[in-house]
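Taking it in order: structure first as structure tokens, then the write-up.
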Amino acid sequence: EVHLVESGGDLVQAGGSLRLSCAGSGFAFADYDIGWFRQVPGKEREGVSCISASGGSTFYVPFVKGRFTVSRDNAKNTVYLEMNSLKPEDTAVYYCAADVGVVAPGGLVFSRYEYTYWGQGTQVTVSS
């Protein structure tokens, strides 16, 4: 059975940093592209970042580029999202998601519909 478990969410002051982790099990982790998404109540879940299965390609939406860094350690079946210079508007539940073939010509790496497997989310709260 496929499992994705996020961790690392916390309450942090504006300007601070957090590192989120996404641990996978029950599937060939190294074959899967991993996306990070976030959601606030009443709003659509939005893509934040994506990393290819090999880790060779990374993608960021404009509002996190330069502040967030995605990486992975396939030996540990874990993807990380390093978040720096956090802003109150980064407050959300952060989810990781997995699927194969997302990072491909025509693939929509920030679309939640491209991913089959999801974690339960971890809360990030940034105070002003």
Query raised in the report: Under 30°, 30 to 60°, or over 60°: which ring-plane class applies to Phe68 and Tyr94, parallel, tilted or perpendicular?
Result: tilted
Query raised in the report: Tell me, do Gln123 and Thr91 make a side-chain contact under 4.5 Å, heavy atoms counted?
Result: yes
**Report entry** Spatial distance of atom CD1 (Ile51) from atom OG (Ser57) [nearest 0.5 Å]
**Finding:** 9.0 Å
Query - Parallel, tilted or perpendicular: ring planes of Phe27 versus Phe29, cut at 30 and 60 degrees - result: tilted
Query - Polar side-chain atom of Asp10 near backbone of Val12 as donor-acceptor pair, under 3.5 Å - result: no
Requested in this report: Assign the ring pair Phe59 / Phe110 to parallel, tilted or perpendicular, where the plane angle (0 to 90°) is split at 30° and 60°.
Outcome: perpendicular
Query raised in the report: Are a donor atom and an acceptor atom from the side chains of Asn84 and Ser17 found within less than 3.5 Å of each other?
Result: yes
Requested in this report: Please report the shortest heavy-atom distance between Ile34 and Val79, naming the atom on each side.
Outcome: CG1-CG2, 3.6 Å
Requested in this report: Using a 4.5 Å cut-off on heavy atoms from C-beta on, say whether the side chain of Phe63 contacts that of Lys87.
Outcome: no
Query - Criterion side-chain contact (heavy atoms from CB on, under 4.5 Å) against Thr58, the qualifying member of Thr69, Val103, Val70 - result: Val70
Query raised in the report: Sub-3.5 Å donor-acceptor pair from the side chain of Thr122 to the main-chain atoms of Gly9, do we have one?
Result: yes
Requested in this report: Say whether Ser52 and Asp33, considering side chains only, have a donor N or O and an acceptor N or O under 3.5 Å apart.
Outcome: no
Report task. Grab the two heavy atoms, one from Ala30 and one from Arg72, that are nearest each other, plus how far apart they are. Result -> CA-NH2, 4.2 Å
Requested in this report: Examine distances only and state if a side-chain atom of Ser111 and a backbone atom of Leu108 form a donor-acceptor pair shorter than 3.5 Å.
Outcome: no
Requested in this report: Without swapping roles, check the side chain of Arg19 against the backbone of Gly8 for a donor-acceptor pair under 3.5 Å.
Outcome: no
Query raised in the report: Do any N or O atoms from the side chain of Thr78 and from the backbone of Asp73 form a donor-acceptor pair under 3.5 angstrom?
Result: no
Query raised in the report: Does Glu6 use its side chain to pair, donor to acceptor, with the backbone of Gly121 at less than 3.5 Å?
Result: yes
Requested in this report: Might you point out which heavy atoms bring Gly101 and Ala104 nearest each other, and give the distance in Å?
Outcome: O-CB, 3.5 Å
Query raised in the report: Sequence neighbours excluded, which residues qualify as disulfide (SG to SG under 2.5 Å) partners of Cys50?
Result: none
Query - Residue that, paired with Arg38, satisfies side-chain contact (heavy atoms from CB on, under 4.5 Å) out of Val61, Leu81, Asp90 - result: Asp90
Query raised in the report: Mind checking whether Met83 and Val124 have side chains closer than 4.5 Å, heavy atoms only?
Result: yes
**Report entry** salt bridge (charged side-chain N to carboxylate O under 4.0 Å, His left out) between Glu44 and Arg112, worked out
**Finding:** CA-CA 10 Å; Glu44 291 284 317; Arg112 60 192 174 105; 2.8 Å; yes
Report task. Flag yes if Val2 and Val102 sit in one hydrophobic cluster, no otherwise; membership is Ile, Leu, Val, Met, Phe, Trp, Tyr, and two members link when side-chain heavy atoms are under 4.5 Å apart. Result -> yes
Report summary line: The ring-ring contact (aromatic ring centres under 6.0 Å, His included) partner of Tyr115 among Phe37, Tyr32, Tyr95, Trp36 is Phe37
